[in-house]
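Below is one structure, written out as structure tokens; the observations come after it.
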2 protein chains.
Amino acid sequence: MITNNNNTSNDNNTNNNTIHNNNTTYNTNTTQLYDPEILLYGIEEQYNGTPLSTHINKNHTNPKYLPNITLPPNIKSTTNPNDLSNTDILIIALPHQYIQTIQTFKKILKPNITVLSLIKGFIEHDTHFELISDYLNNLLNCKTNVLMGANIALDVSKSISGNIKYKSETTLGYILETDRILLYDILNCNMFKVTCIQDVHGVELCGSLKNVISLGYGIVDGLNCSGNTKVAFLRNGLIEIKKFMKTFYPETSEATLFESCGIADLIVSCCSGRNYKFGVSKVTNNLSVDEFEKQIGNQKIQGVGTVKCLVKFLCSRNVVDEFPVFLSVYNIFACNVSVESILECF
Amino acid sequence: MITNNNNTSNDNNTNNNTIHNNNTTYNTNTTQLYDPEILLYGIEEQYNGTPLSTHINKNHTNPKYLPNITLPPNIKSTTNPNDLSNTDILIIALPHQYIQTIQTFKKILKPNITVLSLIKGFIEHDTHFELISDYLNNLLNCKTNVLMGANIALDVSKSISGNIKYKSETTLGYILETDRILLYDILNCNMFKVTCIQDVHGVELCGSLKNVISLGYGIVDGLNCSGNTKVAFLRNGLIEIKKFMKTFYPETSEATLFESCGIADLIVSCCSGRNYKFGVSKVTNNLSVDEFEKQIGNQKIQGVGTVKCLVKFLCSRNVVDEFPVFLSVYNIFACNVSVESILECF
């Protein structure tokens, strides 16, 4: 046996974190620097006749979205926006369709807080679109950080028990060095490895565009194509993500595609994500988005909105022909073109 | 529906192919420029008491390696090396363990033929290794081309029927423009899309190193890790392939990793390749390489030899600590370290 003396797995971080990190299983209470309480704001929902906030606060479970998981005791659920008035770090994880609701919090939140967005998707305008981080920057007068990666939520929650078979990675896109240090310290642990890169737009584009490819991959898998065919579709999808970034966000880095938010998130999403499952169901039982979302407990299929916005933008720039994979997914999900047509786009 | 007017899917080719390509289902007899006969040389094997060459020549089947497939009629099997004396294009697809046998053909082959290698693996020397293409260049005094990609053979053979659900891609690494034109013409068709890049070493390294990652991925999958964990391993493996190429073959291009030979072949091999399956079996029943190879009809597990050669080389350069994924795979397959140790390397 040859021994590896150096731990080189964090080489991708721009700098080493200067704040002590104690590599606990999960980081909800890693150091004495932070208030131990983590406030979880959400609109009230019922589960088996009991409000979800009660399940979370009394039983430390979220039976609707994270069944069979015991949550850390320092997570407290609230449905009152005013409770966020003392927040120093705001992590936003709502579906992009509800992004406008953040306006409610604008007057409640303190100035100069650290904002971290987990939202995938675009904000649609007439002939262009806006990235969520840019929208939040304008709305909250901040420099929004983003977190995206190959981390299906239910599997991440299972890692709370410390079972190393559930470790995962994520990519933090940041602007300010102070935010990088702070967010790395509260998020990184041996079960959830954070790599920090200074490419917010690149990270966010990877996270949003991969949902479009996952939709199409679901179709290709639903059609029972060979492994070769499926991965050819995935690769061609990746090439279009790369081309889109290079063309319209030339400040983004191709290296971002090698991070967890890039190729890794694309693979996981294509294998098991919601958009993938909706793609499969499009072949097998042709449900509408609304019907499918209802079937999966009202979780949102973000790829459909994203691809509509995306193709509208590409058409306005007269370059839609250069993105045959995006176009094919659009034609199937927005125009009911036959699912088999996807095999012609690559 | 929005129509895509341009076929942009071949954009990655350096130049358009100037020879007519008629996009037939398979290209064994595309144009009148070539001798229609394709000679298939191999050491004789028996299947159900009949020589494999008889199955191929009389029944147009290869029941041992390609069951239930009807081969094109212009493929002729031979076991006599002298039959290759008129060959203009030599495609070599033997396991790298048998590469020395090519010496037999040296005096039989015409000079200045076009050589295409499909071989994955390295030739081991004391403190370094040699790429197969370099070995063939020296031996045959030629400029070897290589072909690698996400194309599991059985699925490729199924595409002969024209079923679009079995289309696949490949990457041709070439040096001479004349070879590129010739090989693209005989290989590319709508079921097997060829992208040509001038990076022979890069293509070959991708093809060989992915077998090491597939071995490890088999372990991670065999341990029933989450999807997040599996893809984190795959991504960290990809990063090491990239780092190895950059460090020891700086003339190779990072762009090659986005081709079929790169990320796509890695994904397919990790999902269904022989090395992956051997990795899984290491966890479930701990067979030796020999036992496993026997079980799969004496097909070769190339990743084990590759990782031994690779780690020996990295040790000789005193950089093995910088490649924790390669090292972990080595420790498990060459030193019988516990399979669970793989979860510590990323």
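All chains are named by letter (A, B, ...) in the order of the sequence lines, taking the proteins before the strands, and each is independently numbered beginning at 1. When reading the values below, keep in mind they use all heavy atoms of this one structure, side chains included, and skip hydrogens, waters and symmetry mates.
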Practice task
Can you see which heavy atom on V231(B) is nearest to which on A150(A), and at what distance?
Solution key: CG1-CB, 3.4 Å

Completion exercise
Counting heavy-atom pairs under 4.5 Å with chain B, the top scorer among G149(A), S328(A), A232(A) is A232(A)

Problem - V325(B) portion near chain A, given a 4.5 angstrom heavy-atom threshold - result: neither

Fill in the blank from the handout: Rounded to the nearest 0.5 Å, the CZ atom of R235(B) sits from the SG atom of C261(A) at a distance of 8.5 Å

Handout entry: Heavy-atom check, side chain of E344(A) versus side chain of I164(B), under 4.5 Å
Key = yes

Practice task
Would you mind listing every side-chain hydrogen bond (donor to acceptor under 3.5 Å, both in side chains) that reaches into residues 307-318 of chain A, with sequence neighbours excluded?
Solution key: E124(A)-K312(A)

Handout entry: Inter-chain contacts: residues 264-279 of chain B against chain A, heavy atoms under 4.5 Å
Key = A264(B), I267(B), V268(B)

Handout entry: Which of E340(A), E254(A), E169(A) touches chain B most, by non-hydrogen pairs under 4.5 Å
Key = E169(A)

Handout entry: Main-chain N/O of D155(A) paired to S226(B) side chain as donor or acceptor, under 3.5 Å
Key = no

Problem - Contacting moiety of K158(B), where chain A heavy atoms sit under 4.5 Å - result: neither

Problem - Pairs of heavy atoms under 4.5 Å with chain B: top-ranked of I152(A), I332(A), N336(A) - result: I152(A)

Completion exercise
The complete set of ring-ring contact (aromatic ring centres under 6.0 Å, His included) pairs with one or both residues in residues 218-242 of chain B, sequence neighbours excluded, reads F233(B)-F346(B)

Problem - Any donor-acceptor N/O pair, T229(A) side chain to K165(B) backbone, under 3.5 Å - result: yes

Problem - Contact leader toward chain A among G262(B), S341(B), S260(B), A334(B), where contacts are heavy-atom pairs under 4.5 Å - result: S260(B)

Practice task
Determine which residues belonging to residues 209-225 of chain A lie within contact range of chain B, meaning some heavy atom pair is under 4.5 Å apart, and list them by number or answer 'none'.
Solution key: L223(A), N224(A), C225(A)

Exercise for the section: Measure distances from L154(A) to the heavy atoms of chain B and classify the residue's part below 4.5 Å as side chain, backbone, both or neither. Expected result: neither

Handout entry: Side chain, backbone, both or neither of K242(A) within contact of chain B (heavy atoms, under 4.5 Å)
Key = side chain

Handout entry: Toward chain B, the part of L343(A) with a non-hydrogen atom under 4.5 Å
Key = both

Exercise for the section: Working to the nearest 0.5 Å, report the span between CZ of F258(A) and CG of L238(B). Expected result: 5.5 Å

